[in-house]
Number of protein chains: 2
Amino acid sequence: MSNKAEIMQQLKSEILALNLKPGTILSETALSERFQISRTPLRDVLKQLSLESYIDIYPKKGNLVSFIDLDSVEQMIYLRSTLEKEIIKDLAVQMPLRGNLELTQILDKQQEAVQRENAHEAFLAWDDAFHKTLFALAGREFLWNLIQQYNVHYIRYRRLHLLKREKLEEIRDEHQLMLDCITNHNQESIEELVHHHLHEDINARYLQENFADYIKK
Amino acid sequence: MSNKAEIMQQLKSEILALNLKPGTILSETALSERFQISRTPLRDVLKQLSLESYIDIYPKKGNLVSFIDLDSVEQMIYLRSTLEKEIIKDLAVQMPLRGNLELTQILDKQQEAVQRENAHEAFLAWDDAFHKTLFALAGREFLWNLIQQYNVHYIRYRRLHLLKREKLEEIRDEHQLMLDCITNHNQESIEELVHHHLHEDINARYLQENFADYIKK
DNA sequence: CCGATAAATCTTGTATACAAGATTGTTATT
DNA sequence: AATAACAATCTTGTATACAAGATTTATCGG
């Protein structure tokens, strides 16, 4: 572990996995000892992390792992919901041939994860893969990547929800319904479907009560 | 002119105004002499400029003002169009009381700019103000700011179009129509209106022919 | 003259010493 | 004991010397 890209990836994944909890101090000197590298390249990494909202830099005071910003979460859900409605409607008009196969394979893997115990991580990964593939098939990978750069708060928010199996099944089934709409060229139900799919599990109160010290006030 | 924020603002505005042309080399030593500051803080500025696509950093080679990426322009227009359809529909359902006055005042100023000669800059500024205010009234300033961080290519693209007066009048009139839809709670025409408004002046060929050396290949 | 190789000179990347602000702890005074 | 002033020690911010890669120039051989 020595170059900047690796260090950044490492810190990002620790923050997203909540191993580095919101509020944790990331001091330059401590990190430079941990990664055996000088402060200068480390500052590059921290600068980028702050631009992507992983950390907050307080000049001459220190760097804190950012608290989860529920407003940001709501805004990103609105953005994703709006965009995905449009993208899925586009796909219902025309989709690349390979699309049906790719999406079906992902749904199979996700179904597998629903059945397994302790497969929460895998489930979320296949969930992401499904949505990312929708963007890609519509030629909107650019916008998927743009969203990812602002998704720290949303990703951590979602990870804190431990969803019951029935909920996982519902999510997976809704994916199936989306694919059905696309293949049947049925634009009618898409808006409501996508809106429900992305807004359903907003439960700010649950987080406020159980993880108050992770949340931005 | 000495602190980092000022330097960044200065470089951003020179790039957006195309005073710094795409492809121009921004060497650290040259900039450090110009701004009378050492390379370290300058590198912070350049890092951020690259993350917002103002420049491209080629490691150990140099920093170039980025070429205008027409794909990015198209993607951002799709994003804005999709979002603004939703936002204006939201406003047609409910808008803060102050909204009507604020938007009307902006439209007046923009009308003034249409009449004046050589008011192209002012026209574009009021155009931006109108759209920004729509976002703000809908409680979506967060998303407006997000878009701005990826707008280098779109802003420069739009600036290269020298629009005729008839075109300016059309743009301004469409703004008026949008406001009418909102106040009349008329959701019907919004989709088509917004789509036409943002997609109309895509004329990649014009740029390709007249500013080929500004465009990313 | 042409081409290849090497050297000089660009560029940015990294390490580190020092500057300066913020916080903490201590001490003196009431 | 409480408070104010000061000092020590944290933190990050900046300047600069040096390292290392990339490019250009020069030199030498054919």
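- Electrostatic pairing of B:Glu84 and B:Arg140 does not count as a salt bridge here, judged by no charged N lying under 4.0 Å from a carboxylate O.
- Pairs of residues two or more places apart, or lying in two chains, that qualify as side chain to side chain donor-acceptor pair (under 3.5 Å) and include a residue from residues 56-66 of chain B are B:Ser66-B:Arg156.
- Salt-bridge annotation for B:Arg172 and B:Asp127: absent, with no side-chain N of the basic residue lying under 4.0 Å from a carboxylate O of the acidic one.
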query: Quick one: what's the B/S/- string for nucleotides 6-18 of chain C, heavy-atom cutoff under 4.0 Å, read 5' to 3'?
result: -----BBBBBB--
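- A salt bridge is absent between A:Glu112 and A:Lys109: the closest approach of a Lys/Arg side-chain nitrogen to an acidic carboxylate oxygen does not fall below 4.0 angstrom.
- Here side chain to side chain donor-acceptor pair (under 3.5 Å) pairs that include residues 204-217 of chain B, with residues two or more places apart or in two chains, number zero.
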